[in-house]
Amino acid sequence: MPRLTADTPFIHPDCEIKDATFGAYTEVGRGSRIAHSQFGDYSYCDRYADIANTTVGKFANIAAYVRIGATDHPMEKASLHHFHYRAGDYFDDATDDDAWFAHRRGRRVTLGHDTWLGNGAQVRPEVTIGHGAVVAGGAIVTKDVAPYMIVAGIPAVPLRARFSPSIADRMMALAWWDWSHDALHRALGDFRSLSAEAFLERYE
């Protein structure tokens, strides 16, 4: 029997999950923290990922120790410290600054379908990673990444495209990530053996 199911995400021990939803066949690695986020079908993160305020597409591959949507501090105010927006932790008669937390949650990351984020990569708030894009391990992404682009470095810059523009456009039009589970199963051999172009020729 398969380890992953359509009904319930596979959540490993020691995870912190807050205000998150998960599609079919999803998985969360040990010790990960997921907050105010949605995982599309078949997406997973490996160990100790930290994902906040993020919409994760389908079939996303998120390696260990990745951080997405890292929360920021109020640099324009007199203090960076969270004593003034988490004031309830410090003072008997104070409350937390709900407006600041709402501001943070509004700065969302969008992670496209069939993306791959390498070990230890970071994605800053309000960044969009296009479908099929690859973020190299250790990269820090501060700007949007085009579909099917490979980026690396600090800050991340484009290295090369995975496919030609025409193949990338055709792959997005095919949108195999919207296929049914049965259709994916039927095409499994072709996913394994065919090049991207040959796959398109067979299924377009």
Side-chain angles (χ1 to χ4, degrees), residues 1-72 82 101 104-145 147-156 159 162 176-181 184-185 187-188 191-192:
M1 183 172 179
R3 185 170 60 87
L4 303 180
T5 69
D7 301 327
T8 306
F10 191 107
I11 298 177
H12 289 258
D14 304 321
C15 292
E16 296 179 42
I17 311 291
K18 179 180 181 180
D19 184 30
T21 59
F22 299 91
Y25 305 101
T26 49
E27 183 172 8
V28 179
R30 176 183 289 273
S32 293
R33 182 171 64 169
I34 315 295
H36 313 295
S37 297
Q38 295 86 43
F39 271 46
D41 297 344
Y42 302 91
S43 290
Y44 70 89
C45 64
D46 203 343
R47 295 156 294 159
Y48 302 102
D50 192 334
I51 301 169
N53 311 316
T54 300
T55 301
V56 178
K58 300 176 183 178
F59 296 91
N61 307 273
I62 302 171
Y65 301 100
V66 166
R67 188 157 194 200
I68 305 175
T71 54
D72 43 17
H82 62 196
F101 289 108
R104 276 182 166 179
R105 287 192 295 274
R107 301 186 65 212
R108 297 190 66 78
V109 173
T110 301
L111 190 59
H113 306 308
D114 197 41
T115 48
W116 174 23
L117 278 63
N119 184 280
Q122 295 184 46
V123 181
R124 297 293 301 151
E126 298 183 302
V127 166
T128 294
I129 308 290
H131 304 320
V134 176
V135 176
I140 299 180
V141 184
T142 61
K143 296 180 180 178
D144 292 353
V145 177
Y148 291 96
M149 182 59 66
I150 301 170
V151 300
I154 302 173
L159 292 182
R162 284 181 59 200
W176 61 261
W177 40 77
D178 291 331
W179 292 359
S180 70
H181 194 66
L184 292 167
H185 190 196
L188 182 59
F191 274 106
R192 289 176 170 175

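Any value given below was found using the heavy atoms of this structure, including those in side chains, with hydrogens, waters and symmetry copies removed.
- Here the closest heavy-atom approach between residue Val66 and residue Gly118 is recorded as CG2-O, 3.2 Å.
- Distance check: Phe10 CZ to Thr5 OG1 gives 9.5 Å after rounding to the nearest 0.5 Å.
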Using atom types as modelled, flag every donor-acceptor pair under 3.5 Å from a side chain in residues 129-136 to any protein atom, sequence neighbours excluded.
{"residue": "His131", "atom": "ND1", "partner": "His113", "partner atom": "N", "Å": "2.9"}

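- Interatomic distance, Ile62 CD1 to Ile68 CD1, rounded to the nearest 0.5 Å: 4.0 Å.
- Here the shortest heavy-atom pairing between Pro125 and Val109 reads CA-CG2, 3.9 Å.
- Contacts of Arg3 classified as salt bridge (Lys or Arg N to Asp or Glu O under 4.0 Å), with partners at least two apart in sequence or in another chain: Glu27.
- Between atom CD1 of residue Ile34 and atom CD1 of residue Ile17 there is a gap of 5.0 Å, rounded to the nearest 0.5 Å.
- Of all the heavy atoms in Ser32 and Gly29, the pair that sits closest is OG-O, 3.0 Å.
- Taking NZ from Lys58 and CG from Asp114, the interatomic distance works out to 12.0 Å, rounded to the nearest 0.5 Å.
- Counting heavy atoms from C-beta outward, Trp176 and Leu184 have side chains that approach closer than 4.5 Å.
- The structure places CD1 of Ile140 at 11.5 Å from CZ of Arg67, a figure rounded to the nearest 0.5 Å.
- Between Arg30 and His12 the shortest heavy-atom distance is N-CB, 3.4 Å.
- Looking at residues two or more places apart in sequence or on another chain, you find no salt bridge (Lys or Arg N to Asp or Glu O under 4.0 Å) involving Asp7.
- We find the CD1-CG distance between Ile51 and Leu111 to be 8.0 Å, quoted to the nearest 0.5 Å.
- Residue pairs satisfying the salt bridge (Lys or Arg N to Asp or Glu O under 4.0 Å) criterion with at least one member in residues 124-145, sequence neighbours excluded, are listed as follows: Arg107-Glu126.
- Nearest heavy atoms, Gly31 versus Cys15: N-SG, 3.8 Å.
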Distance-only donor-acceptor pairs under 3.5 Å for side chains of residues 37-44, two or more places apart:
{"residue": "Ser37", "atom": "OG", "partner": "Ala35", "partner atom": "O", "Å": "2.7"}
{"residue": "Ser37", "atom": "OG", "partner": "Asn53", "partner atom": "N", "Å": "3.2"}
{"residue": "Ser37", "atom": "OG", "partner": "Thr54", "partner atom": "N", "Å": "3.1"}
{"residue": "Ser37", "atom": "OG", "partner": "Thr54", "partner atom": "O", "Å": "3.4"}
{"residue": "Gln38", "atom": "OE1", "partner": "Thr55", "partner atom": "OG1", "Å": "3.4"}
{"residue": "Gln38", "atom": "OE1", "partner": "Arg108", "partner atom": "NH2", "Å": "3.1"}
{"residue": "Asp41", "atom": "OD1", "partner": "Ala24", "partner atom": "N", "Å": "2.8"}
{"residue": "Tyr42", "atom": "OH", "partner": "His181", "partner atom": "ND1", "Å": "2.6"}
{"residue": "Ser43", "atom": "OG", "partner": "Gly57", "partner atom": "O", "Å": "2.5"}
{"residue": "Ser43", "atom": "OG", "partner": "Phe59", "partner atom": "N", "Å": "3.1"}
{"residue": "Ser43", "atom": "OG", "partner": "Ala60", "partner atom": "N", "Å": "2.8"}
{"residue": "Tyr44", "atom": "OH", "partner": "Asn61", "partner atom": "OD1", "Å": "3.3"}

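- Evaluation of the salt bridge (Lys or Arg N to Asp or Glu O under 4.0 Å) rule for Arg33 yields Asp50 as partners, not counting sequence neighbours.
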